[in-house]
Amino acid sequence: MIDLKDLREHPDRYRDGCRKKGMAVDIDRLLALDEERRSLSTRRDNLRAEQGRVEKEVGPQIGKLAGAIKKAQTNERASLEAELEALKGRPAALKAQIQDLEAKVAAIEPELNAILLSVPLPPDPDVPVGTSSDDNVEIRRWHPPSTPPAGLGVVGEGPWGFDVSKPYEANRGFRPKNHIDLVKDLGLADFERGVKIAGTRSYVLTGDGMLLHNAVLRYAFDTMTLRHGFRAMSVPVLVREEAMVGTGFFPAGREQAYHIEEAKRGGGYDQFLTGTGEVGLMALHADEILREEDLPIRYTTVSTCFRREAGAAGKDTAGLYRIHQFDKVEQVVICRADETESRSWHAKMIGYVEELLQSLALPYRLLQCCTGDLGVKNADMVDIESWMPGRGDVGKDGTPSGAYGETHSASRLYDYQCRRLNMRYRPAGHEKGPTVFCHSLNNTVAASPRLLIPILEMWQNADGSVTVPPVLRPYMGGKSRIG
RNA sequence: GGAGAGAUGGCCGAGCGGCUGAAGGCGACGGUUUGCUAAACCGUUAUAGGGACCAAAAUCCCUAUCGAGGGUUCGAAUCCCUCUCUCUCCGCCA
(Lines give C-alpha, C1' and ligand atoms only; values in the text may rest on other atoms or scores of the structure.)
Protein backbone atom coordinates (compact mmCIF):
# COMPACT_ATOMS: atom_id res chain seq x y z
CA MET A 1 0.00 0.00 0.00
CA ILE A 2 1.22 3.45 -0.77
CA ASP A 3 1.14 6.36 1.68
CA LEU A 4 -2.11 8.25 1.13
CA LYS A 5 -0.59 11.38 2.61
CA ASP A 6 2.26 11.23 0.14
CA LEU A 7 -0.18 10.68 -2.70
CA ARG A 8 -2.08 13.74 -1.58
CA GLU A 9 1.09 15.81 -1.70
CA HIS A 10 2.67 14.33 -4.82
CA PRO A 11 -0.14 12.92 -6.96
CA ASP A 12 1.91 13.20 -10.12
CA ARG A 13 4.46 10.78 -8.76
CA TYR A 14 1.73 8.15 -8.56
CA ARG A 15 0.10 9.06 -11.85
CA ASP A 16 3.49 8.66 -13.43
CA GLY A 17 4.03 5.34 -11.63
CA CYS A 18 0.74 3.97 -12.94
CA ARG A 19 1.59 5.05 -16.45
CA LYS A 20 5.04 3.45 -16.35
CA LYS A 21 3.70 0.21 -14.96
CA GLY A 22 0.88 0.21 -17.46
CA MET A 23 -1.80 0.10 -14.76
CA ALA A 24 -4.98 2.10 -14.97
CA VAL A 25 -5.83 3.44 -11.52
CA ASP A 26 -8.09 6.45 -11.09
CA ILE A 27 -5.86 8.65 -8.95
CA ASP A 28 -8.16 11.65 -9.31
CA ARG A 29 -11.12 9.66 -8.06
CA LEU A 30 -9.03 8.56 -5.09
CA LEU A 31 -8.02 12.15 -4.32
CA ALA A 32 -11.63 13.28 -4.51
CA LEU A 33 -12.81 10.50 -2.21
CA ASP A 34 -10.02 11.24 0.23
CA GLU A 35 -10.89 14.93 0.25
CA GLU A 36 -14.53 14.14 0.84
CA ARG A 37 -13.81 11.72 3.61
CA ARG A 38 -11.55 14.13 5.44
CA SER A 39 -14.09 16.89 5.23
CA LEU A 40 -16.84 14.60 6.50
CA SER A 41 -14.82 13.14 9.32
CA THR A 42 -13.64 16.54 10.48
CA ARG A 43 -17.25 17.62 10.78
CA ARG A 44 -18.08 14.36 12.51
CA ASP A 45 -15.22 14.74 14.96
CA ASN A 46 -16.24 18.28 15.83
CA LEU A 47 -19.78 17.13 16.53
CA ARG A 48 -18.48 14.30 18.65
CA ALA A 49 -16.45 16.76 20.68
CA GLU A 50 -19.59 18.81 21.14
CA GLN A 51 -21.48 15.69 22.12
CA GLY A 52 -18.86 14.91 24.73
CA ARG A 53 -19.22 18.33 26.30
CA VAL A 54 -23.01 18.15 26.30
CA GLU A 55 -22.96 14.71 27.88
CA LYS A 56 -20.83 15.93 30.77
CA GLU A 57 -23.10 18.89 31.19
CA VAL A 58 -26.56 17.39 31.01
CA GLY A 59 -25.83 13.70 31.52
CA PRO A 60 -25.88 13.77 35.32
CA GLN A 61 -29.03 15.89 35.29
CA ILE A 62 -30.72 13.35 33.06
CA GLY A 63 -29.74 10.62 35.45
CA LYS A 64 -31.06 12.54 38.42
CA LEU A 65 -34.33 13.40 36.70
CA ALA A 66 -34.92 9.84 35.61
CA GLY A 67 -34.48 8.80 39.22
CA ALA A 68 -36.84 11.51 40.44
CA ILE A 69 -39.53 10.44 37.98
CA LYS A 70 -39.55 6.96 39.42
CA LYS A 71 -40.26 8.27 42.89
CA ALA A 72 -42.50 11.14 41.83
CA GLN A 73 -46.20 11.40 42.46
CA THR A 74 -48.39 11.11 39.40
CA ASN A 75 -49.31 14.77 39.43
CA GLU A 76 -45.73 16.05 39.24
CA ARG A 77 -44.56 13.27 36.92
CA ALA A 78 -45.79 14.96 33.75
CA SER A 79 -43.78 18.12 34.27
CA LEU A 80 -40.67 16.17 35.16
CA GLU A 81 -41.00 14.09 32.04
CA ALA A 82 -41.33 17.19 29.91
CA GLU A 83 -38.17 18.54 31.48
CA LEU A 84 -36.36 15.28 30.77
CA GLU A 85 -37.39 15.33 27.11
CA ALA A 86 -36.13 18.91 26.82
CA LEU A 87 -32.78 17.90 28.25
CA LYS A 88 -32.50 14.95 25.90
CA GLY A 89 -33.24 17.07 22.87
CA ARG A 90 -29.78 18.53 22.42
CA PRO A 91 -27.74 15.31 22.59
CA ALA A 92 -30.33 13.53 20.48
CA ALA A 93 -30.03 16.11 17.71
CA LEU A 94 -26.23 15.80 17.79
CA LYS A 95 -26.47 12.05 17.67
CA ALA A 96 -28.63 12.13 14.58
CA GLN A 97 -26.19 14.41 12.78
CA ILE A 98 -23.22 12.27 13.79
CA GLN A 99 -24.90 9.11 12.58
CA ASP A 100 -25.69 10.77 9.30
CA LEU A 101 -22.05 11.75 8.80
CA GLU A 102 -20.86 8.31 9.85
CA ALA A 103 -23.08 6.72 7.27
CA LYS A 104 -21.66 8.99 4.61
CA VAL A 105 -18.09 8.16 5.58
CA ALA A 106 -18.91 4.46 5.61
CA ALA A 107 -20.39 4.76 2.14
CA ILE A 108 -17.16 6.25 0.77
CA GLU A 109 -14.69 3.92 2.39
CA PRO A 110 -15.10 0.70 0.41
CA GLU A 111 -14.38 2.43 -2.89
CA LEU A 112 -11.59 4.50 -1.41
CA ASN A 113 -9.89 1.47 0.11
CA ALA A 114 -10.31 -0.57 -3.05
CA ILE A 115 -8.58 2.08 -5.13
CA LEU A 116 -5.93 2.68 -2.50
CA LEU A 117 -5.04 -1.03 -2.45
CA SER A 118 -4.65 -1.06 -6.19
CA VAL A 119 -2.35 1.97 -6.48
CA PRO A 120 1.02 0.53 -7.47
CA LEU A 121 4.30 1.50 -5.87
CA PRO A 122 5.97 3.80 -8.40
CA PRO A 123 9.00 2.16 -9.98
CA ASP A 124 12.40 3.55 -9.08
CA PRO A 125 13.77 6.18 -11.48
CA ASP A 126 16.62 3.90 -12.55
CA VAL A 127 14.24 1.15 -13.68
CA PRO A 128 14.01 1.19 -17.49
CA VAL A 129 10.63 2.20 -18.82
CA GLY A 130 8.92 -0.44 -20.92
CA THR A 131 5.63 -2.15 -21.58
CA SER A 132 6.39 -5.86 -21.36
CA SER A 133 9.06 -8.44 -20.68
CA ASP A 134 10.39 -7.74 -24.18
CA ASP A 135 11.71 -4.45 -22.84
CA ASN A 136 13.64 -6.01 -19.98
CA VAL A 137 17.31 -5.21 -20.04
CA GLU A 138 20.04 -7.79 -19.65
CA ILE A 139 22.45 -6.83 -16.88
CA ARG A 140 25.05 -9.55 -17.28
CA ARG A 141 25.59 -13.19 -18.16
CA TRP A 142 27.60 -15.87 -16.50
CA HIS A 143 29.07 -18.92 -18.16
CA PRO A 144 30.77 -21.75 -16.33
CA PRO A 145 34.56 -21.73 -16.71
CA SER A 146 36.09 -24.59 -18.66
CA THR A 147 38.02 -25.71 -15.63
CA PRO A 148 35.72 -26.54 -12.72
CA PRO A 149 36.67 -25.00 -9.39
CA ALA A 150 37.86 -27.51 -6.82
CA GLY A 151 35.15 -29.92 -5.74
CA LEU A 152 32.53 -28.76 -8.21
CA GLY A 153 33.16 -31.24 -11.00
CA VAL A 154 35.54 -32.64 -13.57
CA VAL A 155 36.33 -31.62 -17.15
CA GLY A 156 34.13 -33.43 -19.67
CA GLU A 157 31.20 -33.94 -17.33
CA GLY A 158 28.47 -31.37 -17.01
CA PRO A 159 28.33 -27.86 -18.43
CA TRP A 160 31.85 -26.70 -17.65
CA GLY A 161 32.99 -24.33 -20.39
CA PHE A 162 29.51 -24.19 -21.89
CA ASP A 163 28.95 -21.25 -24.23
CA VAL A 164 25.28 -20.51 -24.89
CA SER A 165 26.07 -18.68 -28.12
CA LYS A 166 27.05 -22.00 -29.64
CA PRO A 167 24.73 -24.97 -30.22
CA TYR A 168 24.65 -27.64 -27.54
CA GLU A 169 26.29 -30.18 -29.82
CA ALA A 170 29.22 -27.85 -30.48
CA ASN A 171 29.66 -27.49 -26.74
CA ARG A 172 29.21 -31.05 -25.60
CA GLY A 173 29.75 -33.16 -28.69
CA PHE A 174 26.30 -34.74 -28.75
CA ARG A 175 22.71 -33.79 -29.46
CA PRO A 176 20.86 -33.15 -26.17
CA LYS A 177 17.55 -34.54 -25.05
CA ASN A 178 15.11 -32.11 -23.52
CA HIS A 179 14.08 -32.58 -19.90
CA ILE A 180 10.81 -34.20 -20.87
CA ASP A 181 12.58 -37.03 -22.67
CA LEU A 182 15.20 -37.26 -19.96
CA VAL A 183 12.71 -37.70 -17.15
CA LYS A 184 10.76 -40.25 -19.17
CA ASP A 185 13.80 -42.25 -20.23
CA LEU A 186 15.33 -42.20 -16.77
CA GLY A 187 12.07 -42.72 -14.92
CA LEU A 188 12.28 -39.44 -13.00
CA ALA A 189 8.71 -38.24 -13.53
CA ASP A 190 5.34 -39.58 -14.55
CA PHE A 191 3.13 -37.03 -16.22
CA GLU A 192 0.32 -39.40 -17.26
CA ARG A 193 -0.40 -40.51 -13.73
CA GLY A 194 0.00 -36.99 -12.42
CA VAL A 195 -2.73 -35.87 -14.80
CA LYS A 196 -4.87 -38.87 -13.87
CA ILE A 197 -4.74 -37.90 -10.23
CA ALA A 198 -4.83 -34.12 -10.38
CA GLY A 199 -5.50 -32.92 -13.92
CA THR A 200 -3.53 -30.72 -16.28
CA ARG A 201 -0.15 -29.36 -15.32
CA SER A 202 0.24 -32.10 -12.74
CA TYR A 203 3.08 -34.57 -12.40
CA VAL A 204 4.56 -37.17 -10.17
CA LEU A 205 8.25 -37.17 -9.36
CA THR A 206 9.51 -40.72 -9.20
CA GLY A 207 12.59 -42.34 -7.75
CA ASP A 208 15.75 -40.40 -8.51
CA GLY A 209 13.59 -37.56 -9.82
CA MET A 210 12.15 -37.04 -6.36
CA LEU A 211 15.56 -37.51 -4.77
CA LEU A 212 17.12 -34.93 -7.04
CA HIS A 213 14.25 -32.54 -6.34
CA ASN A 214 14.78 -32.92 -2.60
CA ALA A 215 18.54 -32.59 -3.01
CA VAL A 216 18.16 -29.26 -4.77
CA LEU A 217 15.83 -27.95 -2.08
CA ARG A 218 17.98 -29.17 0.77
CA TYR A 219 21.13 -27.80 -0.79
CA ALA A 220 19.50 -24.40 -1.36
CA PHE A 221 18.00 -24.33 2.11
CA ASP A 222 21.26 -25.27 3.80
CA THR A 223 23.07 -22.62 1.80
CA MET A 224 20.77 -19.95 3.17
CA THR A 225 20.69 -21.15 6.76
CA LEU A 226 24.19 -22.51 7.34
CA ARG A 227 26.20 -20.31 5.07
CA HIS A 228 24.29 -17.04 4.99
CA GLY A 229 22.72 -17.09 8.44
CA PHE A 230 19.08 -16.89 7.43
CA ARG A 231 16.63 -18.19 10.01
CA ALA A 232 14.98 -21.44 8.96
CA MET A 233 11.19 -21.27 9.09
CA SER A 234 8.17 -23.34 8.30
CA VAL A 235 5.11 -21.25 7.56
CA PRO A 236 1.48 -21.89 6.63
CA VAL A 237 0.73 -22.29 2.94
CA LEU A 238 -3.00 -22.24 3.63
CA VAL A 239 -3.72 -18.71 4.79
CA ARG A 240 -6.41 -16.16 5.48
CA GLU A 241 -7.27 -13.51 2.95
CA GLU A 242 -5.63 -10.86 5.17
CA ALA A 243 -2.25 -12.45 4.59
CA MET A 244 -2.76 -12.32 0.83
CA VAL A 245 -3.90 -8.70 0.90
CA GLY A 246 -1.20 -7.73 3.37
CA THR A 247 1.59 -9.17 1.29
CA GLY A 248 0.24 -7.40 -1.79
CA PHE A 249 -0.84 -10.44 -3.79
CA PHE A 250 -4.49 -9.44 -3.51
CA PRO A 251 -6.54 -7.96 -5.01
CA ALA A 252 -4.42 -7.90 -8.18
CA GLY A 253 -3.46 -11.59 -8.12
CA ARG A 254 -6.68 -13.06 -6.82
CA GLU A 255 -7.21 -15.13 -9.97
CA GLN A 256 -3.81 -16.72 -9.52
CA ALA A 257 -4.58 -18.28 -6.11
CA TYR A 258 -6.55 -21.36 -5.19
CA HIS A 259 -9.48 -20.41 -3.04
CA ILE A 260 -10.70 -22.71 -0.28
CA GLU A 261 -14.29 -21.71 0.31
CA GLU A 262 -14.67 -22.83 3.89
CA ALA A 263 -17.24 -20.17 4.69
CA LYS A 264 -19.68 -21.88 2.34
CA ARG A 265 -19.33 -25.03 4.41
CA GLY A 266 -19.93 -23.18 7.65
CA GLY A 267 -16.25 -22.95 8.42
CA GLY A 268 -16.31 -19.30 9.37
CA TYR A 269 -13.81 -17.94 6.87
CA ASP A 270 -12.21 -18.76 3.55
CA GLN A 271 -8.59 -19.60 3.02
CA PHE A 272 -6.17 -19.43 0.12
CA LEU A 273 -3.22 -21.55 -0.95
CA THR A 274 -0.10 -19.46 -1.21
CA GLY A 275 1.85 -19.22 -4.44
CA THR A 276 5.09 -18.54 -2.58
CA GLY A 277 6.59 -18.88 0.90
CA GLU A 278 6.95 -15.10 0.85
CA VAL A 279 3.34 -14.81 2.04
CA GLY A 280 3.86 -16.78 5.23
CA LEU A 281 7.28 -15.29 5.94
CA MET A 282 6.17 -11.71 5.51
CA ALA A 283 2.88 -12.12 7.35
CA LEU A 284 4.71 -13.43 10.41
CA HIS A 285 5.24 -9.99 11.88
CA ALA A 286 2.08 -8.31 10.63
CA ASP A 287 0.69 -5.78 13.11
CA GLU A 288 3.89 -5.80 15.11
CA ILE A 289 6.21 -3.06 16.22
CA LEU A 290 9.69 -4.49 15.94
CA ARG A 291 12.80 -3.29 17.70
CA GLU A 292 15.35 -1.70 15.44
CA GLU A 293 18.13 -3.76 16.96
CA ASP A 294 16.30 -6.88 15.75
CA LEU A 295 16.59 -5.71 12.15
CA PRO A 296 17.40 -6.86 9.59
CA ILE A 297 15.27 -9.97 9.90
CA ARG A 298 16.38 -12.65 7.45
CA TYR A 299 14.14 -15.64 6.93
CA THR A 300 14.16 -18.58 4.61
CA THR A 301 11.55 -21.26 4.14
CA VAL A 302 10.90 -24.19 1.90
CA SER A 303 7.28 -24.53 1.02
CA THR A 304 4.92 -25.98 -1.50
CA CYS A 305 3.59 -23.30 -3.84
CA PHE A 306 0.26 -23.38 -5.63
CA ARG A 307 -0.59 -21.41 -8.73
CA ARG A 308 -3.68 -21.59 -10.87
CA GLU A 309 -1.81 -20.28 -13.92
CA ALA A 310 -4.98 -18.51 -14.93
CA GLY A 311 -4.50 -16.79 -18.25
CA ALA A 312 -1.62 -19.07 -19.21
CA ALA A 313 -3.78 -21.60 -21.02
CA GLY A 314 -1.86 -23.37 -23.73
CA LYS A 315 1.47 -21.90 -22.62
CA ASP A 316 4.29 -24.26 -21.61
CA THR A 317 1.84 -27.11 -21.21
CA ALA A 318 4.42 -29.86 -21.46
CA GLY A 319 6.98 -30.80 -18.90
CA LEU A 320 7.97 -29.39 -15.57
CA TYR A 321 8.16 -25.72 -16.51
CA ARG A 322 4.71 -24.32 -15.72
CA ILE A 323 2.88 -26.41 -13.18
CA HIS A 324 0.21 -25.90 -10.53
CA GLN A 325 2.23 -27.18 -7.60
CA PHE A 326 5.91 -26.99 -6.87
CA ASP A 327 8.33 -26.47 -4.02
CA LYS A 328 10.41 -23.44 -3.44
CA VAL A 329 13.10 -22.20 -1.12
CA GLU A 330 12.45 -18.52 -0.61
CA GLN A 331 14.43 -15.79 1.12
CA VAL A 332 13.05 -12.58 2.60
CA VAL A 333 14.71 -9.66 4.32
CA ILE A 334 12.95 -7.10 6.49
CA CYS A 335 15.21 -4.13 7.11
CA ARG A 336 15.26 -0.53 8.26
CA ALA A 337 13.54 2.05 6.10
CA ASP A 338 16.67 3.07 4.32
CA GLU A 339 17.03 3.04 0.55
CA THR A 340 20.74 2.36 0.60
CA GLU A 341 20.26 -0.58 2.92
CA SER A 342 17.39 -1.94 0.80
CA ARG A 343 19.47 -1.73 -2.33
CA SER A 344 22.42 -3.36 -0.69
CA TRP A 345 20.27 -6.29 0.49
CA HIS A 346 18.83 -6.64 -2.98
CA ALA A 347 22.33 -7.04 -4.39
CA LYS A 348 23.30 -9.51 -1.67
CA MET A 349 20.20 -11.64 -2.17
CA ILE A 350 20.90 -11.82 -5.89
CA GLY A 351 24.50 -12.70 -5.06
CA TYR A 352 23.40 -15.72 -3.01
CA VAL A 353 21.52 -17.06 -6.03
CA GLU A 354 24.43 -16.45 -8.37
CA GLU A 355 26.67 -18.34 -6.02
CA LEU A 356 24.20 -21.23 -6.01
CA LEU A 357 23.82 -21.35 -9.79
CA GLN A 358 27.56 -21.08 -10.25
CA SER A 359 28.12 -24.01 -7.93
CA LEU A 360 25.77 -25.98 -10.20
CA ALA A 361 27.64 -24.71 -13.28
CA LEU A 362 24.39 -23.47 -14.80
CA PRO A 363 24.74 -20.61 -17.27
CA TYR A 364 22.43 -17.76 -16.34
CA ARG A 365 21.74 -14.13 -16.98
CA LEU A 366 20.44 -11.28 -14.86
CA LEU A 367 17.59 -9.34 -16.30
CA GLN A 368 16.59 -5.90 -15.13
CA CYS A 369 12.82 -5.95 -15.40
CA CYS A 370 11.32 -2.90 -17.05
CA THR A 371 8.53 -0.87 -15.46
CA GLY A 372 5.83 -2.69 -17.42
CA ASP A 373 6.96 -6.06 -16.09
CA LEU A 374 6.88 -5.06 -12.42
CA GLY A 375 4.01 -6.05 -10.18
CA VAL A 376 2.04 -3.55 -8.11
CA LYS A 377 4.28 -4.00 -5.12
CA ASN A 378 7.81 -3.68 -6.49
CA ALA A 379 9.92 -0.62 -6.98
CA ASP A 380 12.49 -2.76 -8.71
CA MET A 381 12.77 -6.37 -9.82
CA VAL A 382 15.62 -8.41 -11.19
CA ASP A 383 14.89 -11.78 -12.77
CA ILE A 384 17.46 -14.49 -13.06
CA GLU A 385 17.11 -16.80 -16.02
CA SER A 386 18.91 -20.09 -16.35
CA TRP A 387 19.88 -21.60 -19.66
CA MET A 388 17.50 -24.34 -20.73
CA PRO A 389 18.71 -26.15 -23.88
CA GLY A 390 15.30 -27.70 -24.48
CA ARG A 391 13.55 -24.36 -24.87
CA GLY A 392 13.55 -21.96 -27.78
CA ASP A 393 12.76 -22.44 -31.45
CA VAL A 394 13.18 -25.89 -32.94
CA GLY A 395 15.62 -25.99 -35.88
CA LYS A 396 15.47 -28.01 -39.11
CA ASP A 397 17.24 -30.94 -37.47
CA GLY A 398 14.64 -31.05 -34.73
CA THR A 399 16.96 -29.63 -32.09
CA PRO A 400 15.75 -26.66 -30.10
CA SER A 401 17.97 -23.60 -29.99
CA GLY A 402 17.90 -23.40 -26.24
CA ALA A 403 16.74 -20.33 -24.35
CA TYR A 404 16.93 -18.66 -21.00
CA GLY A 405 14.01 -19.50 -18.72
CA GLU A 406 13.09 -17.63 -15.57
CA THR A 407 14.10 -19.47 -12.43
CA HIS A 408 14.41 -16.64 -9.89
CA SER A 409 12.94 -13.24 -9.22
CA ALA A 410 14.34 -10.69 -6.78
CA SER A 411 12.05 -7.88 -5.65
CA ARG A 412 12.70 -4.66 -3.80
CA LEU A 413 9.53 -3.24 -2.30
CA TYR A 414 10.48 -0.35 -0.02
CA ASP A 415 7.74 -0.06 2.63
CA TYR A 416 4.86 -0.99 0.32
CA GLN A 417 4.36 -4.45 1.75
CA CYS A 418 5.08 -3.55 5.38
CA ARG A 419 2.63 -0.69 5.20
CA ARG A 420 -0.09 -3.11 4.14
CA LEU A 421 0.99 -5.58 6.79
CA ASN A 422 1.30 -2.84 9.39
CA MET A 423 4.81 -3.93 10.24
CA ARG A 424 6.79 -1.17 11.87
CA TYR A 425 9.79 -0.53 14.04
CA ARG A 426 10.75 2.13 16.50
CA PRO A 427 14.03 3.76 15.55
CA ALA A 428 16.65 3.32 18.26
CA GLY A 429 17.24 6.47 20.28
CA HIS A 430 13.82 7.82 19.34
CA GLU A 431 11.71 5.98 21.89
CA LYS A 432 9.15 8.76 21.81
CA GLY A 433 9.22 9.37 18.08
CA PRO A 434 6.79 7.95 15.60
CA THR A 435 7.09 4.41 14.34
CA VAL A 436 8.41 3.67 10.88
CA PHE A 437 7.31 1.04 8.36
CA CYS A 438 10.03 -1.50 7.58
CA HIS A 439 11.38 -2.18 4.13
CA SER A 440 11.10 -5.66 2.67
CA LEU A 441 12.72 -7.70 -0.06
CA ASN A 442 12.34 -11.19 -1.37
CA ASN A 443 14.03 -13.52 -3.77
CA THR A 444 13.81 -17.10 -4.89
CA VAL A 445 16.64 -19.35 -3.77
CA ALA A 446 15.56 -22.41 -5.71
CA ALA A 447 12.24 -23.46 -7.22
CA SER A 448 11.95 -27.09 -8.08
CA PRO A 449 11.09 -28.95 -10.25
CA ARG A 450 11.62 -25.98 -12.58
CA LEU A 451 15.29 -25.82 -11.66
CA LEU A 452 15.58 -29.52 -12.49
CA ILE A 453 15.11 -28.57 -16.14
CA PRO A 454 18.50 -26.85 -16.58
CA ILE A 455 20.17 -29.28 -14.20
CA LEU A 456 19.03 -32.34 -16.16
CA GLU A 457 19.53 -30.83 -19.58
CA MET A 458 22.93 -29.35 -18.82
CA TRP A 459 24.33 -32.27 -16.86
CA GLN A 460 23.15 -35.01 -19.25
CA ASN A 461 25.71 -37.23 -20.91
CA ALA A 462 26.01 -38.64 -24.43
CA ASP A 463 24.89 -42.06 -23.21
CA GLY A 464 21.60 -40.67 -21.90
CA SER A 465 22.63 -40.66 -18.26
CA VAL A 466 22.76 -37.56 -16.08
CA THR A 467 25.68 -36.67 -13.85
CA VAL A 468 24.59 -35.48 -10.44
CA PRO A 469 26.26 -32.11 -9.77
CA PRO A 470 28.83 -32.70 -7.01
CA VAL A 471 27.22 -30.20 -4.61
CA LEU A 472 24.00 -32.25 -4.67
CA ARG A 473 25.59 -35.65 -4.13
CA PRO A 474 25.69 -35.44 -0.32
CA TYR A 475 21.91 -35.09 -0.47
CA MET A 476 21.55 -38.17 -2.70
CA GLY A 477 23.47 -40.61 -0.62
CA GLY A 478 26.64 -39.90 -2.56
CA LYS A 479 25.14 -40.92 -5.88
CA SER A 480 27.07 -39.37 -8.80
CA ARG A 481 25.08 -40.50 -11.79
CA ILE A 482 21.48 -41.16 -12.72
CA GLY A 483 20.91 -43.82 -15.40
C1' G B 1 -17.20 -33.18 16.84
C1' G B 2 -19.10 -32.28 22.34
C1' A B 3 -18.67 -29.31 27.07
C1' G B 4 -16.74 -25.17 29.55
C1' A B 5 -13.45 -20.62 30.41
C1' G B 6 -11.55 -16.39 28.46
C1' A B 7 -9.54 -11.97 24.96
C1' U B 8 -7.94 -4.90 28.64
C1' G B 9 -1.53 -0.78 27.13
C1' G B 10 5.61 -3.54 25.76
C1' C B 11 4.18 -7.56 29.61
C1' C B 12 1.12 -9.03 34.08
C1' G B 13 -3.43 -7.52 35.92
C1' A B 14 -7.88 -4.42 38.10
C1' G B 15 -12.27 -2.29 36.45
C1' C B 16 -18.28 -4.66 35.03
C1' G B 17 -23.03 2.03 32.72
C1' G B 18 -20.85 8.59 33.32
C1' C B 19 -15.38 11.27 37.23
C1' U B 20 -11.56 5.27 32.77
C1' G B 21 -6.92 6.27 27.50
C1' A B 22 -7.98 3.18 31.35
C1' A B 23 -5.96 1.66 38.89
C1' G B 24 -1.76 -1.24 40.62
C1' G B 25 2.61 -3.86 39.40
C1' C B 26 6.71 -5.30 36.09
C1' G B 27 9.79 -3.66 32.29
C1' A B 28 11.91 0.51 29.64
C1' C B 29 13.57 5.60 29.56
C1' G B 30 15.05 10.41 32.11
C1' G B 31 16.61 12.47 36.80
C1' U B 32 18.27 12.76 42.23
C1' U B 33 21.60 10.28 45.46
C1' U B 34 26.46 7.51 44.82
C1' G B 35 33.92 6.52 44.30
C1' C B 36 31.58 2.67 40.67
C1' U B 37 27.59 -0.68 40.42
C1' A B 38 23.29 -2.02 43.06
C1' A B 39 19.41 -0.24 46.07
C1' A B 40 16.17 3.78 47.21
C1' C B 41 13.38 7.95 45.70
C1' C B 42 11.07 11.36 41.87
C1' G B 43 9.28 11.73 36.98
C1' U B 44 8.06 9.94 31.93
C1' U B 45 6.05 5.75 29.28
C1' A B 46 0.29 3.43 23.56
C1' U B 47 -1.14 3.71 18.45
C1' A B 48 -3.67 5.80 14.43
C1' G B 49 -6.43 9.67 11.80
C1' G B 50 -7.53 14.82 11.31
C1' G B 51 -6.38 19.89 12.43
C1' A B 52 -3.45 24.46 14.31
C1' C B 53 1.58 26.20 13.69
C1' C B 54 5.38 25.51 10.19
C1' A B 55 10.83 25.33 5.83
C1' A B 56 11.01 21.27 9.16
C1' A B 57 11.04 19.40 13.93
C1' A B 58 9.06 20.21 18.55
C1' U B 59 4.56 21.62 20.71
C1' C B 60 -0.64 22.09 21.09
C1' C B 61 -6.01 20.86 19.95
C1' C B 62 -9.85 17.31 18.39
C1' U B 63 -11.35 12.26 17.35
C1' A B 64 -10.94 7.00 17.44
C1' U B 65 -9.07 2.52 19.69
C1' C B 66 -10.02 -2.17 26.16
C1' G B 67 -10.10 -9.13 20.07
C1' A B 68 -13.50 -7.59 15.36
C1' G B 69 -18.28 -5.99 13.72
C1' G B 70 -23.26 -4.59 14.91
C1' G B 71 -27.03 -3.14 18.70
C1' U B 72 -29.27 -0.90 23.46
C1' U B 73 -28.46 4.06 25.92
C1' C B 74 -28.30 11.10 26.52
C1' G B 75 -23.65 8.21 27.69
C1' A B 76 -20.50 1.42 26.86
C1' A B 77 -14.01 -1.53 28.46
C1' U B 78 -18.58 -2.37 31.39
C1' C B 79 -25.27 -4.56 29.01
C1' C B 80 -27.15 -7.54 24.35
C1' C B 81 -26.16 -10.13 19.47
C1' U B 82 -22.84 -12.13 15.67
C1' C B 83 -17.99 -13.39 14.30
C1' U B 84 -12.71 -14.40 15.09
C1' C B 85 -9.06 -16.13 18.20
C1' U B 86 -6.92 -18.51 22.68
C1' C B 87 -7.05 -22.02 26.69
C1' U B 88 -9.00 -26.53 29.52
C1' C B 89 -11.54 -31.30 29.45
C1' C B 90 -13.78 -35.43 26.48
C1' G B 91 -13.94 -37.84 21.64
C1' C B 92 -11.34 -38.60 16.99
C1' C B 93 -6.77 -38.46 14.42
C1' A B 94 -1.41 -37.95 10.83
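In what follows, chains carry the letters A, B, and so on, assigned in the order in which the sequence lines appear, proteins first and then strands, with residues in each chain numbered from 1. This structure is a prediction, so every number in the text was calculated from the model and none was measured.
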>> Measure CD1/Ile289(A) against C1'/rA46(B) and give the value in whole Å, please.
In response: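 Those two atoms, CD1 and C1', are 8 Å apart.
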What's the gap between [N] and [M] when it is taken at their [atom1] atoms, as a whole Å value?
N       : M       : atom1 : answer
rU78(B) : rU65(B) : C1'   : 16 Å
rA39(B) : rA22(B) : P     : 29 Å
rG18(B) : rC79(B) : C1'   : 15 Å
rG71(B) : rG17(B) : C1'   : 15 Å

In plain terms, say whether [X] and [Y] are close enough for a salt bridge, that is, a side-chain N and a carboxylate O under 4.0 Å apart.
X         : Y         : answer
Arg201(A) : Asp316(A) : no
Arg343(A) : Asp124(A) : yes
Arg307(A) : Glu309(A) : no

Counter-base of [N], judged by Watson-Crick or G-U geometry with both distances under 3.5 Å:
N       : value
rA94(B) : none
rG4(B)  : rC87(B)
rC53(B) : none

Within the structure shown, what part of the strands sits under 4.0 Å from [X] by heavy-atom distance: base, sugar-phosphate, or nothing?
X         : result
Arg424(A) : sugar-phosphate
Arg8(A)   : sugar-phosphate
Ala49(A)  : sugar-phosphate
Arg240(A) : sugar-phosphate

> Side chains of Asp222(A) and Tyr475(A): donor-acceptor distance under 3.5 Å anywhere?
Replying inline: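 Asp222(A) vs Tyr475(A): donor-acceptor pair found between side chains.
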>> Please confirm whether the shortest side-chain N or O distance from Thr435(A) to OP1 or OP2 of rA48(B) is below 4.0 Å.
In response: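 Affirmative; the distance criterion is met.
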